[in-house]
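Single-structure report; data block below.
These numbers come from the heavy atoms of this one structure, side chains and all, not from hydrogens, waters or symmetry mates. Here is the naming used below: chain letters follow the sequence lines, and residue numbers restart at 1 for every chain. Model, not experiment: these values are computed from the prediction.
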Amino acid sequence: MNHRRILDKTFFCHDTRVVALELLGKFLVRRIGKKEISLMITETEAYDGPNDKASHAYKGKTKRNEVMFDESGLWYVYLVYGMYNMLNIVTGAKEYPAAVLIRGVERVNGPGKVTKFLKITKSFNKKKSSRESGLWIEDRGIVVHNKEIKKTPRIGVAYAGKWAKKPYRFVYKNIL
DNA sequence: ACGATGATGAAC
DNA sequence: TTCATCATCGTA
């Protein structure tokens with residue numbers, strides 16, 4: 001059975017923490033010309049709504065974060081530290097600003113390295129996760145058990161007070 | 001432990 | 001218009 005299902009809005013329109021968990025074991029697929037690169041997602045972080053101080057949406061809608069307020073299943077890509085693009089997928093209901101940061105995939109650890117390896121830039125911002133955009137996520141039938149998932153505080157958000165301590169980072173331990 | 005490197009948002 | 005900050009990473 002070659003089980004393959006491209007994930008769409010129906011997958012992403014749920015609680016961002018649930019989506020972040022369920023993205024582990026799914027495949028991030030990037031088409032460049034005729035070639036497709038598929039890598040299993042191994043590390044994610046949830047950014048949850050207007051009250052999460054670690055989230056870009058905490059202070060309301062801006063030009064940068066406005067896609068977080070749009071419908072789920074869209075890419076949110078932005079530049080940090082002048083060098084690294086961060087890849088997020090918008091989650092939850094429309095107007096509820098939430099997203100999941102894809103921090104790591106198999107053999108590529110670190111959100112800046114993922115985007116560099118897959119040549120993902122801000123040109124993907126606000127595009128839909130879909131085959132036609134050249135970047136999408138597939139379910140290939142891998143089942144990840146709760147015991148295989150490590151939950152930790154998020155990285156690089158020490159400024160966020162009590163939100164910095166919430167276990168919104170998810171790591172699939174069964175990494176190749 | 002620290003510098004690279006530039007967009008962003010808030011202050012002025 | 002200036003300024004501090006930043007969901008990072010490679011080098012030391």
Cation over ring face, A/Arg4 and A/Phe27, 6.0 Å, 45°: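 No, a cation-pi geometry is absent between A/Arg4 and A/Phe27.
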A/Lys61 charged N/C atom sitting above A/Phe69 aromatic ring, 6.0 Å / 45°: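 Judged by the rule (NZ or CZ under 6.0 Å from the ring centre, within 45° of its axis), A/Lys61 counts as positioned above A/Phe69.
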Measuring to OP1 and OP2 of C/dG10, would you say a side-chain N or O of A/Lys113 lies under 4.0 angstrom away?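 Yes, A/Lys113 has a side-chain N/O under 4.0 Å of OP1/OP2 on C/dG10.
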Return yes if the base of C/dA7 and the side-chain atoms of A/Tyr78 contain a donor-acceptor N/O pair under 3.5 Å, otherwise no.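 Check passes, donor-acceptor contact within cut-off.
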Audit row: A/Tyr96, A/Asp48, side chain to side chain donor-acceptor pair (under 3.5 Å) steps and yes/no: CA-CA 9 Å; A/Tyr96 184 87; A/Asp48 184 28; 3.0 Å; yes
Given [options], which nucleotide is nearest the side-chain atoms of [X]?
| X | options | value |
| --- | --- | --- |
| A/Leu79 | C/dT8, C/dC6, B/dA7 | B/dA7 |
| A/Pro111 | B/dA7, C/dA7, C/dC9 | C/dC9 |
| A/Ser55 | B/dA7, B/dT5, C/dA7 | C/dA7 |
| A/Arg64 | C/dC9, C/dC6, B/dG9 | B/dG9 |

Rounded off to whole Å, could you give me the [atom1]-to-[atom2] distance for the [X] and [N] pair?
| X | N | atom1 | atom2 | value |
| --- | --- | --- | --- | --- |
| A/Asn88 | C/dA7 | CG | C1' | 7 Å |
| A/Met86 | B/dA7 | CE | C1' | 13 Å |
| A/Lys59 | C/dC6 | NZ | C1' | 11 Å |
| A/Lys61 | B/dA10 | NZ | C1' | 20 Å |
| A/Tyr84 | B/dG3 | OH | C1' | 11 Å |
| A/Tyr58 | C/dC6 | OH | C1' | 17 Å |
| A/Phe170 | C/dA7 | CZ | P | 19 Å |
| A/Tyr81 | C/dG10 | OH | P | 14 Å |

Taking the same atom, P, in C/dT2 and in B/dT5, what whole-Å distance lies between them?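 22 Å, rounded to whole Å.
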DNA chain B: 5'-proximal contact among A/Thr62 and A/Met83 (nearest heavy atom):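 Its nearest nucleotide being more 5', the pick is A/Met83.
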Both distances under 3.5 Å, Watson-Crick or G-U wobble: report the partner of B/dA10, or none.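 Partner of B/dA10: C/dT2.
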With both distances under 3.5 angstrom, what nucleotide forms a Watson-Crick or G-U wobble pair with C/dA7?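 C/dA7 is paired with nothing.
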Do the charged groups of A/Glu45 and A/Arg103 touch, with an N to O distance under 4.0 Å?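 A/Arg103 and A/Glu45: salt-bridged.
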A/Arg169/A/Glu43 salt bridge by N-O under 4.0 Å criterion: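 Yes.
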